[in-house]
Protein chains: 4
Amino acid sequence: MPTQEDLVPLQGWRRKLYIIIFEADTRTGRLFDLAVIVTIILSLLTVTLESVASIRARWGVELKALDWLFTVFFTIEYTLRLLCVHKPLRYARSFFGVVDLLAILPLYLALFVPESRFLADIRVLRLLRIFRILKMTRYMGEARELRRAMLASRRKITVFLASVMMLVIILGTLMYVIEGDEHGFTSIPTSIYWAIVTLTTVGFGDITPKTPLGQALASVVMITGYAIIAVPTGIVTAEIARNSLKHPDHESGTRLCPHCFTEGHDWDALYCKHCGGKLPRPAKDVVS
Amino acid sequence: MPTQEDLVPLQGWRRKLYIIIFEADTRTGRLFDLAVIVTIILSLLTVTLESVASIRARWGVELKALDWLFTVFFTIEYTLRLLCVHKPLRYARSFFGVVDLLAILPLYLALFVPESRFLADIRVLRLLRIFRILKMTRYMGEARELRRAMLASRRKITVFLASVMMLVIILGTLMYVIEGDEHGFTSIPTSIYWAIVTLTTVGFGDITPKTPLGQALASVVMITGYAIIAVPTGIVTAEIARNSLKHPDHESGTRLCPHCFTEGHDWDALYCKHCGGKLPRPAKDVVS
Amino acid sequence: MPTQEDLVPLQGWRRKLYIIIFEADTRTGRLFDLAVIVTIILSLLTVTLESVASIRARWGVELKALDWLFTVFFTIEYTLRLLCVHKPLRYARSFFGVVDLLAILPLYLALFVPESRFLADIRVLRLLRIFRILKMTRYMGEARELRRAMLASRRKITVFLASVMMLVIILGTLMYVIEGDEHGFTSIPTSIYWAIVTLTTVGFGDITPKTPLGQALASVVMITGYAIIAVPTGIVTAEIARNSLKHPDHESGTRLCPHCFTEGHDWDALYCKHCGGKLPRPAKDVVS
Amino acid sequence: MPTQEDLVPLQGWRRKLYIIIFEADTRTGRLFDLAVIVTIILSLLTVTLESVASIRARWGVELKALDWLFTVFFTIEYTLRLLCVHKPLRYARSFFGVVDLLAILPLYLALFVPESRFLADIRVLRLLRIFRILKMTRYMGEARELRRAMLASRRKITVFLASVMMLVIILGTLMYVIEGDEHGFTSIPTSIYWAIVTLTTVGFGDITPKTPLGQALASVVMITGYAIIAVPTGIVTAEIARNSLKHPDHESGTRLCPHCFTEGHDWDALYCKHCGGKLPRPAKDVVS
């Protein structure tokens, strides 16, 4: 996502508009943001209720009307965003830019593919803005930490998923050969689906082994799944643990550099990792 | 919850009553507490048995009678608590005050809404007092530690749950569009319910995808759930691990060397591992 | 379990017998032990096969005969153990003593309660002896470590299970009131059973909520279960992690005291915790 | 698996062939490898599609033809590998040697046992070569680390699985005695299968307890499973955590301070946290 700065237009009505739509510091800006959020939630409700047959039967017309109302509103908003931004294309390509577009497309698409209308629920992603608006910097921090933990262990998880996929293909094929058509294992894809359902301990029970041999293999699959569910947990846990050990006091506020005021220094750091200035001694209980 | 001190009345029969009802140190106090606990358990049994059709058919009247008996008892107890406390309002607003009230309301409510009678099971919360009464300070300690671990990671968990909710809404909508009415995905709320059932690896199997595309998406959902179940675990584990690393001997009590005053000796250690001096015998229950 | 020493008889045929039956060092001792193990496994197979209707139909008589044969063999063995041990009562009260008794009772009980015959499977516990016989000291070590991790966190787990039980009772009652009889929630005990099935993410699907409100509550239950499954994992993991951090080289052999030859000293220990003698410096990579 | 060196023939056409088939550095070698991979994936698709009744009905003949085509191709490849390797037998006994053989057997077997044809999916294992070909050394490293974590905790896991097996046998027997034939617990093996399904929290729901006593025991089983699922997780996590604590920066590469030569700086550090000296820029892909 591009930094806000590049997006700010230089002056005039566009700048005013920009501050109202994109900034959340001014009163009008905050009001606008809240209005948008309320509209999003209402539109989500509309789509959701519309999907319930009994309700659609009674309020179908009204809901459809509302649906269009919201979509028009979002379309205008999107156009304004494009107008008041300094570099429209960059905004359009940014994460929120794409989401904002996706939020209005479905209904127009629905003119050709009725079903697609419900995809409007993608709007829920727009709520991610809440974090920015409510200035939940701490939450953002946590989110960043989680994302980093994920990123740091992405390679391990890739390796893990790759092996799981192979395992699942082989197990699925075996079950297909053992149980066969008459017991619900109608094809290898179906059997692979079953293997995934079982290995992930979801166990719908829509397909289950009937033959003793099949049940025996299934048992092996389950115990295996039981053992390897430990792996992704282990990976992520180790990652998070390492972070929280690095910043053992990230709960009680992090160490602040008195020179450049950057936070998040290791508890054993002597110099600021940003400006190189000397750091004050950490709190006693931190060294533990 | 307010500190007991503020609740103690200054003198007279109220003070006597207070000591019997609220304190657990005196013999009468302990007896009273045990009486209450026994009554709670019995009343829980009554309500539970009453809900079993076959039993209600035969003992309905007796059970109902008992039910009323217990409720009256609890009502009297609640009134006494209010009477003998120094600041009744503060007690009424405290956690246990609210629980004590909730424990008697259902049956009175049942005069108007019969079903609500079973809500009397909320009384189970009153058993939390057991901890206080049995003076299980150690357990209290553990509980506090767990609660702190939870609290410390509440923000991470909030972020996590928020993303899960969004994920579930989008997945539910997709499945509704893909599978549609005829395969049990009757509405978006139902599909979201299915998505939660699947992502949490509960997998009731009351609703299952039938179309190949649906099963493919379901597989993705399950593998995802498999991967992200790691996150909350990682969060809490890291938290607990950090605590237990900070207090590496919180289980066997911090054994102190009388010679060099270093801590953290194993429960089976005979000599200080730092100065080699003889260690005092550990507490009995530690060896377990 | 009593130490072997107290059980060894002083001399004569009883001592000879003792060495054959209880010791595993002599050739005859090892042979006897293996014979017992083989017999146990065979008897387990007999009982298991006997439970399969189709097999019982054809081989019922033979299997029953075998069953009796094994039971007689175990009875004789048990009597011999009692005879040759120095303190029979102490053996009889020891873990393996009780198991050995339980292994022979079922069939005799079956004379009065036919069904109970299958309980003979309890014999599987006798296989625990394998560990001792195969002298899998390392495995014993691992087992001990696991058991200690469990023991160390038993209090936390108790607190956790207690809260889960309360949660489950309340949730079960709520679901019973919401869904009621017609949707399978026939009684509070059944609803509690459902709550456990759901909270533990097992999700049989034999009972499932039908009303929107019920499904909403169920969703909350599942997300909760999803979040709190983290707790026991966190507890045990932290425990094991602490151990393996204490003994970072428990894989590459533990530090040995040159004076009293005891193992398992912390990597930062300077003196033996058993005899107080000076310890050699640990391997470099251990300190890491 | 033998080291490549021993397999390289000394000279001549065999050496040329060897470099093409086994090496991945030369252009031709890489091309050959990619060709093989594409063929494997295509053949997997063939087998999979062939298993879908509707597709087999229409394209059965064509798919079968393709199937044979691929098998012949793999057979030739396998023969060539045998020919150009210096020590054919050693290659044949190596992991990939066995996989390569297994990849071609099924179809020939199918001449006698039609069903076995689908086992050709075992070919998926050949894809493991991808790792080697794409020179994903980093991934190999991760994989190695995961494998080591598994190996390091194999003994703990063995102990764990052994106890689970015993537990499952006893629980299965109990449920068989309690629920009996009429409730789906038709035999002890079936009950053991149920116990595994339940303990691993898979919960198919194809067999479920009906009697109150059975449901009570099932609840205990589930809570137990809930508690002990923590153990394997704990074991593996602790193992991985220990590794990642030993190599705290194995993700971002060990950044070294050029002034004081201390390691383990955060990927976003600009100055050494020990001596305050300027740090060189981190590798690009680290920031990710």
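Quick note: numbers below take in every heavy atom, side chains included, and nothing from hydrogens, waters or symmetry partners. Order of the sequence lines fixes the chain letters, A, B, ..., with proteins taken first and strands second; residue numbering starts at 1 for each chain.
- Contacts of V202(A) with chain D are made by backbone atoms alone, with heavy-atom separations under 4.5 Å and no side-chain atom involved.
- The line from CZ of F204(D) to CD of Q215(A) is 10.0 Å long, rounded to the nearest 0.5 Å.
- Only the side chain of L161(D) comes within less than 4.5 Å of a heavy atom of chain A; its backbone N, CA, C and O stay farther away.
- At a 4.5 Å heavy-atom cutoff, the contact between V164(D) and chain A is made by side-chain atoms alone.
- Interface remark: of the candidates G203(A), G205(A), P209(A), G203(A) forms the most heavy-atom pairs closer than 4.5 Å to chain D.
- Of all heavy-atom pairs spanning S51(D) and I188(A), the tightest one is OG-N, 2.9 Å.
- Shown here are the side chain to side chain donor-acceptor pair (under 3.5 Å) partners of Y193(A), two or more places apart in sequence or in another chain: D206(A).
- The CD1 atom of I196(D) lies 4.5 Å from the CD1 atom of I223(A); values are rounded to the nearest 0.5 Å.
- Heavy atoms closer than 4.5 Å to chain D are found in both the backbone and the side chain of T198(A).
- In this structure, the portion of A218(A) lying under 4.5 Å from any heavy atom of chain D is its side chain and not its backbone.
- The OG1 atom of T208(A) sits 8.0 Å away from the CD1 atom of I207(D) when rounded to the nearest 0.5 Å.
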